[in-house]
Amino acid sequence: MPRPTPHGRKAAKAPGFKPAKKAGPKNRWSNEQRAAQGHKPRKAWEPREERQDRGYRSDDRRDQRSDDRRDFRADDRRGFRADDRRDAPRTDSPRTSDSRGRNFESARPSDERRGYSSERREGGFGGRAPRKFERDDRGHRGDRRDERNERPRFERDDKPRFQRDDRPRRDDRPRFERDDRRDDRPRFDREERGARPGYASRPVRQEPPTRWEPRAERKPWDRPERPRREERGDRPRFERDDKPRFERDDKPRFQRDDKPRFDRDERRGRDERRPAWGRDEKPRFNPERREDRPFSEDPDQMSWTATDLGEIDETGVEEGQGFAALGVPKIIVAALDKQGITAPFPIQAATIPDAIAGRDVLGRGQTGSGKTLGFGLPMLTRISQADPTGGAPRGLVLVPTRELALQCADVLAPLAKTLRLDLTLIAGGMGYGPQLRAFERGVDIVVATPGRLIDLLEQGAVDLSQVMVTVLDEADHMADLGFMPAVTTLLDSVPADGQRLLFSATLDHAVDRIVKKYLHDPVTHQVDTDRASVSTMEHQLLQVLPHDKNAITAEIANRKGRSVLFVRTQMGANRVAEQLRGAGVMAGALHGGLTQGARTRILAAFKEGTVPVLVATDVAARGIHVDDVSLVLEVDPPMSSKDYLHRAGRTARAGEKGVVASIVLPHQRKTMARIAGQAGVKVDPLPVRPGDEKLHETTGARVCESAPIEEAEYERLIAPRRGGGKGGPRQGGYKGGRGGGYRGQGGGGYRGQGGGGRRFGNDRGDRGGNQGWRRER
DNA sequence: AAAAAAC
């Protein structure tokens with residue numbers, strides 16, 4: 001890089017530098033010459049007194065300017081009048097203009113004041129350079145300061161303005177208070193353009209105002225006549241390509257099928273529900289649509305039927321033993337016997353007698369300890385002994401999720417049937433038809449999720465005034481913020497003096513409000529502690545690094561046997577399930593954002609074992625029973641120790657073994673330690689990496705080596721299957737596979753609808769073994 | 001703070 005040439009004052013000091021010849025006047029262009037070269041005119045100096053006089057206080061300036069505009073003598077002094085400034089440039093000066101086409105005559109007054117006036121120009125520059133100590137016409141002296149032996153400028157009184165105290169003061173008043181305010185009217189409304197103070201007034205081009213003319217003035221006969229379509233020979237519009245946009249194929253993107261991903265159904269999966277505001281069409285009851293037909297046999301609609309236990313022989317039942325000793329009618333005992341249920345569980349033994357006696361009961365029993373029968377048997381017993389009401393329900397069971405409602409109904413319906421009581425399932429996501437018809441026909445017991453029951457209540461389809469027993473399953477959950485309004489609505493619409501039974505594995509003070517308002521002298525039975533004291537359950541906290549989480553999740557999910565993975569959000573469930581399939585593990589997501597049909601199918605596939613890994617939100621955390629779930633993996637930590645216990649309770653049910661493993665990321669350690677401590681889990685976190693032997697030992701994890709699972713393959717497994725129809729494979733297999741003793745009364749009551757609908761639970765004994773959903777006793 | 005519960 002070349003050394004920069006020294007210049008200026010530095011240059012003088014640079015060694016060996018000879019100052020250029022400094023003789024004679026500096027060769028400056030005249031302003032005309034400058035203008036011809038496209039330069040601005042050189043600034044002229046004006047004495048300070050004058051500048052100060054002009055004043056910088058705004059009002060002064062305004063006055064000065066308006067004076068400028070009005071004072072013709074002043075204009076004359078400058079050599080022109082405002083009026084001719086634009087249109088009649090002075091002819092006595094050469095017609096030169098700068099690069100922007102401006103010439104001095106068109107310069108604005110402000111320019112004039114800057115010293116570009118013709119007078120200055122005439123008398124100004126040129127001539128010889130001033131001698132030392134002699135001022136030139138700009139007041140400059142032709143020497144250097146050091147030669148003049150002066151102090152530097154900032155020390156002198158004539159230091160630059162920004163350093164002096166006599167700087168003009170800003171007018172800080174808001175514009176509308178200032179005198180130099182602008183004309184606020186819109187441009188078109190001002191008399192003249194640029195009528196701001198200090199600017200030359202310029203005539204504004206006046207457009208003649210556009211007149212509104214009445215439409216009638218355009219007479220139809222003024223228009224050229226359009227040939228008729230036949231003459232034009234073109235096809236009607238809907239056949240042509242210029243048909244309106246919404247009918248064409250190039251319609252805007254959001255109307256097309258390849259609209260952006262976030263709006264497409266595929267993104268969330270075929271069965272995903274979109275919120276109503278995002279859907280193209282709101283779902284409506286449409287009798288033409290298969291799933292809306294009242295007698296739908298679509299498995300998606302989960303037309304639900306009770307299992308028939310067949311003939312019940314109560315002769316062999318011994319008094320004073322087992323359930324009979326608790327006051328349960330003999331015929332029920334026999335029915336239970338037939339299902340292999342003989343000895344009551346502790347929670348049942350504790351609560352049944354009190355509940356049959358009609359007392360309000362708070363029951364707490366560990367997960368999988370048989371709470372359903374704990375409240376179900378006394379409810380059935382009391383209702384069967386009461387007087388009939390002529391069709392209005394006398395028993396009400398409220399549960400927090402549809403799956404749980406289904407499971408609960410599956411457990412209780414066969415027993416109700418043996419007592420000739422009608423039990424119906426009321427839950428969202430299923431057709432209205434069967435539910436409405438059930439109430440028309442008469443119902444004794446309702447197992448329901450709150451939303452749909454309130455819906456039917458508002459429709460006037462349900463009369464809850466005859467309910468004598470009300471049950472809240474998972475009562476602590478039903479008492480939480482989101483459920484509370486619905487629950488109180490329903491509790492308000494049943495008789496105040498009825499019996500209330502509240503059950504949960506984690507019954508605590510959350511239910512206090514309900515207890516205080518709706519229960520009378522309740523008796524509390526807590527058979528177990530609310531700690532994770534299930535002896536067959538093994539707990540593990542897996543300390544995992546964030547970048548290992550997916551791999552470890554996949555390795556654990558790749559184990560042998562059925563596993564339930566819990567995640568925090570619906571999208572998380574989708575994502576994890578997708579990732580697992582990508583890693584070659586057949587997994588399906590279950591959450592409340594799916595259609596009921598999809599929820600049902602993925603659960604059924606899980607039950608069958610075709611999809612051995614279920615990735616679920618907390619929708620599956622409570623109450624749901626699947627046999628042989630040997631591992632629960634908490635991919636995301638639970639929100640509370642209660643959630644932990646309920647999630648963990650999906651395994652190690654009814655005496656089986658099970659492992660509960662929780663992935664703990666570094667930032668989750670404290671929270672998880674607290675939650676585990678509250679849940680009574682006393683284990684040290686185990687740091688693990690993918691592929692660790694320890695991981696295999698504790699959870700049975702295996703490194704994933706299979707090829708990714710194609711979506712189509714997964715889809716096939718959870719595809720809707722026609723349960724009904726003529727000789728559908730499932731229906732045929734279902735009936736034929738039944739044990740001889742269970743054959744027979746194929747469908748009573750509202751099961752006339754076909755009976756082939758897919759259901760949860762214990763109707764699938766045809767498969768043999770103890771796979772699948774089992775009733776929670 | 002998410003999920004669940006009705007269309």
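Sequence lines set the chain letters: A, B, ... in the order given, protein chains first and strands last, and positions in each chain run from 1.
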Undergrad: Would you please confirm or rule out a distance under 4.0 Å between OP1 or OP2 of B:dA3 and any side-chain N or O of A:Arg622?
TA: no

Undergrad: Counting heavy atoms from C-beta on, name the nucleotide in B:dA5, B:dA3, B:dA1 closest to the side chain of A:Phe483.
TA: B:dA5

Undergrad: Starting from C1' on B:dA2, measure out to CG on A:Asp618 and report it in whole angstrom.
TA: 8 Å

Undergrad: Applying side chain to side chain donor-acceptor pair (under 3.5 Å), name anything that partners A:Asp492, two or more places apart in sequence or on another chain.
TA: A:Tyr518

Undergrad: Go through the structure and list residues passing salt bridge (Lys or Arg N to Asp or Glu O under 4.0 Å) with A:Glu555, not counting sequence neighbours.
TA: none

Undergrad: Separation of A:Ile675 atom CD1 from B:dA1 atom C1', in whole Å?
TA: 12 Å

Undergrad: Please report the distance, rounded to the nearest Å, between NE2 in A:His591 and P in B:dA4.
TA: 8 Å

Undergrad: Send over the distance from A:Leu590 CG to B:dA3 P, rounded to a whole Å.
TA: 13 Å

Undergrad: Mind checking what makes side chain to side chain donor-acceptor pair (under 3.5 Å) contact with A:Ser465, not counting sequence neighbours?
TA: A:Asp463

Undergrad: May I ask you to test the A:Met586-A:Pro612 pair for a side-chain heavy-atom distance under 4.5 Å?
TA: yes

Undergrad: Output yes when at least one side-chain N/O atom of A:Thr449 is less than 4.0 Å from OP1 or OP2 of B:dA6, else no.
TA: yes

Undergrad: Could you state the NZ-P distance from A:Lys642 to B:dA3, rounded to the nearest angstrom?
TA: 18 Å

Undergrad: With sequence neighbours excluded, tell me which residues meet side chain to side chain donor-acceptor pair (under 3.5 Å) with A:His509.
TA: A:Asp512

Undergrad: I need the CG-P distance between A:Asp643 and B:dA3, as an integer number of Å.
TA: 12 Å

Undergrad: For A:Asp480 and B:dA1, what is the distance between atoms CG and C1' respectively, to the nearest whole Å?
TA: 11 Å

Undergrad: What residues, two or more places apart in sequence or in another chain, satisfy side chain to side chain donor-acceptor pair (under 3.5 Å) together with A:Asn550?
TA: none

Undergrad: Can you see if the side chain of A:Gln596 gets near the phosphate of B:dA6 - specifically, an N or O under 4.0 Å from OP1 or OP2?
TA: no

Undergrad: List in numerical order all residues of residues 451-459 of chain A for which some heavy atom is under 4.0 Å away from an atom belonging to DNA chain B.
TA: A:Gly451, A:Arg452, A:Asp455, A:Glu458

Undergrad: Measure CZ/A:Arg402 against P/B:dA3 and give the value in whole Å, please.
TA: 15 Å

Undergrad: Report yes if at least one side-chain N or O of A:Thr617 is closer than 4.0 Å to OP1 or OP2 of B:dA4; otherwise report no.
TA: yes

Undergrad: Between A:Phe503 and A:His525, is the ring centre distance below 6.0 Å?
TA: no

